[in-house]
2 protein chains.
Amino acid sequence: MSYLKPENPTGCTIWLTGLSGSGKTTIARNTKKFLEKFNIPAVHLDGDRLRQTLNSDLGFSKEDRRENIRRVAALAIMFAQEGYISLVSLISPYAEYRLAARDAHERAGLKFYEVYVNTPIEICEIRDPKQLYRKARSGDIPEFTGVSSPYEVPICPDLLIESGIYEIEECCNKVLRLLVDQQIIPSSTLDPVDRHLPITQKFDLIEASKMLPKIQIDQLCLQWAQVIAEGWATPLEGFMRENELLECLHFKTLTANNMVHSQSIPIVLPITDADKHKTRGFESVVLHHGEKPVGLLTDIEVYEDRKKERCARTFGSVDVGHPTIKQIIESNTQWLLGGKLQLFERIEWNDGLDHYRLTPQKIRHQLIQMKADVVFVFQLRNPLHNGHVLLIDETYNKLKATYSHPVLLLHPIGGWTKDDDVPLEVRIKQHQVLLDEGILDKSRTILAIFPSPMSYAGPTEVQWHAKGRIVAGVDCYIVGRDPAGVKDPSDPSRDLYDPTHGAKILQMTPGLKCLKIIPFRVAALNKKKNKMEFLGPDFNQVDYELISGSRMRQMAREGQKPPEAFMHPKAWQVLADYYESYQTTK
Amino acid sequence: MSYLKPENPTGCTIWLTGLSGSGKTTIARNTKKFLEKFNIPAVHLDGDRLRQTLNSDLGFSKEDRRENIRRVAALAIMFAQEGYISLVSLISPYAEYRLAARDAHERAGLKFYEVYVNTPIEICEIRDPKQLYRKARSGDIPEFTGVSSPYEVPICPDLLIESGIYEIEECCNKVLRLLVDQQIIPSSTLDPVDRHLPITQKFDLIEASKMLPKIQIDQLCLQWAQVIAEGWATPLEGFMRENELLECLHFKTLTANNMVHSQSIPIVLPITDADKHKTRGFESVVLHHGEKPVGLLTDIEVYEDRKKERCARTFGSVDVGHPTIKQIIESNTQWLLGGKLQLFERIEWNDGLDHYRLTPQKIRHQLIQMKADVVFVFQLRNPLHNGHVLLIDETYNKLKATYSHPVLLLHPIGGWTKDDDVPLEVRIKQHQVLLDEGILDKSRTILAIFPSPMSYAGPTEVQWHAKGRIVAGVDCYIVGRDPAGVKDPSDPSRDLYDPTHGAKILQMTPGLKCLKIIPFRVAALNKKKNKMEFLGPDFNQVDYELISGSRMRQMAREGQKPPEAFMHPKAWQVLADYYESYQTTK
């Protein structure tokens, strides 16, 4: 996501006041770091550092403290006038001077938020990062706030942070939450969209919606409804309206509140002429899947589905030999129905896998509980062999050099896939075996389902796979040659997409600049050493065996067993069982 | 164009020093305005204004002036550290203190440019915008620089501006040129790309290039070569390489030096297998058109032309019934040749129209000479009737409310058009008659040819038509329903594109935010009043006659004459003559 400077930017000032050592500077610094990830302009005006530059002529007398605050306020105003969020960390012990700073902002027409970082002096004194309390107690520093100079507690601060109790992330979150509540920054920076109606309203609204036209949606649209409602396509709040679709088709983005988000795959609700007729005169409709009312679509808009153009701009093809293009072109729908979506309740599939279907919000919570400081995702729609595991381990080890707690989000795609792909339940079972057997480390892995359908749109889809994971809090994305993974229907000896385009395009996608792209490396079985190794430029065909996805499926179908170094036997058994039963069914 | 904040932004300080009234503030303010058009962060730190806020405690004693400069320097440094160009306008009369400001920047690792705004005190005193000289002379203001307090002239400023001699635009230009030369801002903000070899090198290079493989280019590619070399596709410096094409196809942009430019139409050089073979082992080739060597392509790259994908993503269609798609798909080329282009000389067509083929740079110069303060463009590939003239007049009058010298760039497309379009020479002749007859005002119009070929790519092409004109200095773009202007080859009763999409998409195109989009209004002949009028919602079919482009062509073919209110008879005669000779030829 990337923030665009509005035409008339209005910034504001967050004024952090509190004792020395209370945590003001750390909160300001981390809040700034967070905002910068989204390109939101923020500046940290630190009292201590300013005393070395702008305010190097000032001491600690009451008069000098007044002047210090006056100047910092003037500075904060200048940055706020440029559209910045000025994060001031300054002891500012006197209420009168803080009030003067607020007045100066109000005279300039700018918002000023006083944030009291309330940490008991005992804790500050234990922290004592600069050994100032020690010096103040010994008399080496005169007029030290809290020891030999007063601190006037804010009576009615805009925000109170008990930084002695909460962790730093939570303190920053309080500041960020304030900025969202005050509509200074878009809520999508903090929270994925959540379009589920509160349980208290559910029954009343189902009742009331009986007056509205019913639109039947199929399983594919139900999967997209889940994607929207759980916030994977944040800031999208429903099925795309025409302007949203045009931005997506032409620029692969979605802009809301000056924030540019990546959105490469159209999320639309196709309807028939008869459905269009039904909606006439209504501003809302109720969506049904079979007998079940699923949710409301409000503030609706019906517009032409220019199917071929939609396919051409999304898939770079209009060939109906392509599975998704076929669905779109051959359906009996002519129109698209856009509008805001609200689901009556979470969508569940009752296939025994719903507990793997974690919302982005839920994943974020789990990551916090795991104390993850960096998260990498492995996107896949195939079983995982030891070549993949090697890549995961290597990525983990590289991240470990910089971070304390890298966590892997193992995130197989859970929506519609084409018939010859391995079904979701088999893949999940296979992944779970790898966790249970310790091939993947449970303590640093989340296995969850990405509920999106596959579109097989190659380099366009890979952007969507990356963007959806940003919403869940992911920092690094491993991209493979998967984007090429369908054959050209008009020449099945060729890939439909250039296998290198996915990775190339991810490097330039607007709205994905905050994501680190990790290139996929191909591994093969070293037959001599009987282990998986990455293929280097000096690889010789004699020593290595490359087992491709189709070769793997073929072996499973034919009841062959690959070497144990390729895949743990229990995991292999899951695949073998599936292909056995598959062939029996056939 | 839009500037992206780099990951580690480094700003700098432009320190404008000079007497009161010398023009420092005006130069700073206008430079800031220019930079903001491109989203380049710039802040104006004005001495006078800062004395009301940050420096309100200071007077004009030498010591206070020192402190004033010290604080402003600290402030400039803080903004520069945020990636800003700090534009300081401050008398700063003492060399010693200016040196201190420079030192402070250098200690912080930031560039500092001293700009001496050298205006003779006599001129400053005549200007005397704040009546300060008068008060100083009468003794009401003590210690006034140049009167009762010294001004130490900079001995070796980074830039000297004689603001008494030059106009304000030229003064700003000197500052901007400094920023370009110092690689602080991309050169594309000031200058279109110019890829013509200096005349001094021409013959040597033609000689030397005889060693290089020859690639024959057709007329269409020659037109594109002209587009590139004259800078219409700035910052593109040659035929697209793969990364440039991918960004263009997927995101409709081209990013260079952190500046995002709109670029919706691919500009590529398709070559055959045989040509590819020829380039093997070479880093450069020479381009020929017929017998004539046209230019050099250096640092070349050959990559696959995924024709269908290229068409699908550009045209939203792969239908070979479309004239441009047909050319692309049915050509005998398989590869694209990317690289930097340099032409041996300007391309001329010797059709009697070359003097209308003004480069963007030339148009910018003419606009300056005409003292244009706002420029609007009318893009067209058809004759101009009085409905168009009405729109031009209305736009002019609206702009006149805010600006002193609005200028129209009448800019017909000059490259390849499909066979049934009116040829360029006829259109130019018709436009010229309108100017000669005073239907359009010569004193506020530039008639020039936009050398690009048409692609008939609808909403994708309209972005290119707008972007090309930005390079020539245009501020406002009139967009019509022209983007729809081809029929769907698979259903000729329909437009290929939705006629409203062009205008909708222009509103969201990245890199076009600095362009004002003026929606087209349809005019028809009011038969009662015998004049052209815009169609309002209350328009009744009986009173009005709507003469469409095809109706117009039909009338000309059949020798009918439209009412004089529709088009000046002399202009109509140009069309009638063309269609007469056309039919004779046929």
Side-chain angles (χ1 to χ4, degrees), chain A residues 2 4-5 7 39 41 43 45 50 53-57 67 70-71 74-75 77-79 81-82 84 104 108 242-243 246-247 249-253 255 260 264 303-304 306 308-319 459-460 463 490 496-498 500-501 504-505 507-510 513, chain B residues 2 4-5 7 39 41 43 45 50 53-57 67 70-71 74-75 77-79 81-82 84 104 108 242-243 246-247 249-253 255 260 264 303-304 306 308-319 459-460 463 490 496-498 500-501 504-505 507-510 513:
Chain A
S2 183
L4 291 178
K5 204 170 162 184
E7 250 176 74
N39 208 25
V43 63
L45 304 175
L50 284 168
T53 58
L54 184 70
N55 299 336
S56 57
D57 55 329
E67 175 63 8
R70 189 192 70 79
R71 289 190 204 163
L75 197 57
I77 287 171
M78 293 186 69
F79 274 100
Q81 281 169 334
E82 285 292 314
Y84 271 69
E242 191 187 34
N243 263 332
L246 287 176
E247 187 182 345
L249 287 179
H250 286 265
F251 310 111
K252 311 290 182 274
T253 56
T255 305
V260 178
S264 59
Y303 57 104
E304 190 192 349
R306 307 175 63 86
K308 275 200 191 166
E309 186 176 349
R310 168 152 77 95
C311 288
R313 297 195 192 276
T314 304
F315 298 92
S317 170
V318 295
D319 195 324
T460 303
Q463 300 165 49
S490 66
L496 180 56
Y497 303 105
D498 182 318
T500 68
H501 281 183
K504 284 176 185 163
I505 282 166
Q507 301 288 352
M508 44 176 98
T509 303
K513 307 280 182 220
Chain B
S2 181
L4 291 177
K5 205 170 161 185
E7 249 176 73
N39 207 27
V43 64
L45 304 176
L50 284 168
T53 58
L54 183 70
N55 298 337
S56 57
D57 54 328
E67 174 63 9
R70 188 190 71 80
R71 288 190 203 163
L75 197 58
I77 287 171
M78 293 184 71
F79 274 101
Q81 282 169 334
E82 285 292 313
Y84 271 68
E242 191 187 33
N243 263 331
L246 287 176
E247 187 182 344
L249 287 179
H250 286 265
F251 309 113
K252 311 291 181 269
T253 55
T255 304
V260 179
S264 60
Y303 57 105
E304 191 191 347
R306 306 175 63 85
K308 274 200 190 167
E309 186 176 348
R310 169 152 76 94
C311 288
R313 296 195 191 278
T314 304
F315 298 91
S317 171
V318 295
D319 196 324
T460 303
Q463 301 165 49
S490 65
L496 179 57
Y497 302 105
D498 182 317
T500 68
H501 282 183
K504 284 176 184 162
I505 282 167
Q507 302 287 352
M508 44 176 94
T509 303
K513 307 280 179 219

| Choice from A:Asp57, A:Val43, A:Thr53, A:Thr255 maximising heavy atom contacts with chain B below 4.5 Å | A:Asp57
| Non-hydrogen atoms of chain B under 4.5 Å away: do they reach the side chain of A:Leu50, the backbone, both or neither? | side chain
| query | Which bit of A:Ala312 comes within less than 4.5 Å of chain B, counting heavy atoms only: side chain, backbone, both or neither? | reply | both
| remark: Rounded to the nearest 0.5 angstrom, the OH-CD1 distance for B:Tyr497 and B:Ile505 is 10.5 Å
| Residue B:Leu45 versus chain A: region with a heavy atom under 4.5 Å | side chain
| Do A:Leu54 and B:Leu54 have side chains that get closer than 4.5 Å, going by heavy atoms? | yes
| task | Taking side-chain contact (heavy atoms from CB on, under 4.5 Å) as the test, write out the residues that go with B:Gln81, two or more places apart. | result | B:Ile77, B:Ala108, B:Leu110
| note | When the 4.5 angstrom heavy-atom criterion is applied to B:Thr509 and chain A, the contacting part is both
| query | Between B:Arg313 and A:Thr460, is any pair of side-chain heavy atoms under 4.5 Å apart? | reply | yes
| Can you tell which of B:Glu247, B:Met78, B:Glu304 has the highest number of heavy-atom pairs within less than 4.5 Å of chain A? | B:Met78
| message | As an exercise, state the distance from CG of B:Asn243 to NE2 of A:His501, rounded to the nearest 0.5 Å. | response | 8.5 Å
| A:Gln463 versus chain B, the contacting section by heavy-atom distance below 4.5 Å | side chain
| said: Counting only non-hydrogen atoms closer than 4.5 Å, does A:Arg310 touch chain B with its backbone (N, CA, C, O), its side chain (CB onward), both, or neither? | reply: neither
| query | Looking at A:Phe251, A:Tyr84, A:Phe315, which has the largest count of heavy-atom pairs under 4.5 Å with chain B? | reply | A:Phe251
| field | Per-residue contact mode, B:Gln507 against chain A (heavy atom under 4.5 angstrom) | value | neither
| request: Name the option with the most non-hydrogen atom pairs under 4.5 Å to chain B; the candidates are A:Lys504, A:Lys308, A:Arg306. | output: A:Arg306
| remark: Residue from B:Glu309, B:His250, B:Lys252 scoring the most non-hydrogen pairs under 4.5 Å with chain A is B:His250
| query | What option among B:Ser317, B:Ala104, B:Ser264, B:Ser56 has the most heavy-atom pairs under 4.5 Å with chain A? | reply | B:Ser56
| Side chain, backbone, both or neither of B:Thr314 within contact of chain A (heavy atoms, under 4.5 Å) | backbone
